Amino acid sequence: MPDRAAQKQALRRELLERRKLLSPEDAAAAAAVLARRALELPELVGAGTVAAYVSVGREPGTRALLDALHARGVRVLLPVLLPDNDLDWGAYEGAQGLVRAGRGLLEPAGRRLGVDAVREADAVLLPGLAVDARGMRMGRGGGSYDRVLARLAGSAAHRVVLLYANEVVARVPVEPHDHPVHAVVTPDGVRRFGPGARGGPCGPGAPGASGGRPVSPPGPA
């Protein structure tokens, strides 16, 4: 039987292949719906500081969401990839303040705030490839956000992963370094995890909620 690391790699390949099937038009439509869903979250409505990221490729789009948060007066922190795969942080000052970095990433051009700056966030928006019914997130395997989540252990920051609807699955393979998130937002809606979890605009049991099972292929709601 394959070990958990191998199982993760197989699942990553499958999900990345599905993302490649998205047309630019479908990806843009999904990003617009995702931004609207996320902006309705109480965790973001009341947030003074939000840590987020700039989507690249066929990741669920975040550009509209970043601009909307910035326009609200929210302090938005964006990651800066370090040589050891850890993440430094800088403030988002609009699209004109982003610069090209390694691995096709876009990063803030301004002052670096340090790896612990993420602990100042009221909410943290995370990339990923999947999340399961327990709230266990699976990323691309580089370990950058495993370190972020470890730093946030015990903090009050709300941890929210942004995905396509089909990426909410029954179970992902879990390793000792993995950490759960509090909620997932997809173009189909919001699902929360943990004791006392309540659904958002499209919570568990509501139309469009995944219920922890694989759902329809990625695309606009």
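Everything numeric here is computed off the predicted structure, so don't read it as measured data.
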Under a 4.5 Å cut-off applied to non-hydrogen side-chain atoms, are Val131 and Leu163 in contact? yes
Tell me the closest heavy-atom pair linking Leu77 and Ala91, and the distance in Å. CD2-CA, 4.5 Å
Measure the CG-CZ distance between Asp116 and Arg119 for me, rounded to the nearest 0.5 Å. 5.0 Å
Applying side-chain contact (heavy atoms from CB on, under 4.5 Å), run through Val124 and Leu152 and close with a yes or a no. CA-CA 9 Å; Val124 181; Leu152 293 172; 3.7 Å; yes
For residues Ala51 and Val118, report the shortest heavy-atom separation together with the two atoms involved. CB-CG2, 3.9 Å
Which value, rounded to the nearest 0.5 Å, describes the distance between Tyr53 atom OH and Glu59 atom CD? 5.5 Å
Please report the closest heavy-atom contact between Pro127 and Arg137, naming both atoms and the distance. O-NE, 2.7 Å
Does the pair Glu43/Arg192 count as a salt bridge with the N-to-O cut at 4.0 Å? yes
Lys/Arg-Asp/Glu bridge criterion (N-O < 4.0 Å) met for Asp178, Lys8: yes
Indicate yes or no: does Arg147 engage Asp84 in a salt bridge with an N to O separation below 4.0 Å. yes
Looking at every heavy atom in both Arg72 and Leu44, which two are closest together, and how far apart are they? NH1-O, 3.6 Å
Decide yes or no on side-chain contact (heavy atoms from CB on, under 4.5 Å) for Arg36 and Val185, but give the supporting numbers first. CA-CA 10 Å; Arg36 188 172 72 247; Val185 182; over 6 Å; no
Does either side chain, that of Gln7 or that of Arg4, offer a donor lying less than 3.5 Å from an acceptor on the other one? no
Could you tell me if Asp188 and Tyr164 have a donor-acceptor pair between their side chains, going purely by distance under 3.5 Å? no
Contact summary for Ala52 and Val76, nearest pair of heavy atoms: CB-CG1, 4.3 Å
Within the structure provided, determine whether Asn166 and Arg19 are in side-chain contact (heavy-atom separation under 4.5 Å). no
Less than 4.0 Å between a side-chain N and a carboxylate O, is that true for Glu167 and Arg18? no
Are the side chains of His182 and Val160 in contact, using a 4.5 Å heavy-atom criterion? no
Asp26 side chain near Arg58 side chain, heavy-atom distance below 4.5 Å: no
Calculate, to the nearest 0.5 Å, the distance between atoms CZ and CG belonging to Arg112 and Leu82 respectively. 9.0 Å
Answer whether the closest heavy-atom distance between the side chains of Leu81 and Leu105 falls below 4.5 Å. yes
Closest heavy-atom pair, Gly90 versus Val80, reported as atoms and distance to 0.1 Å, is N-CG2, 4.4 Å
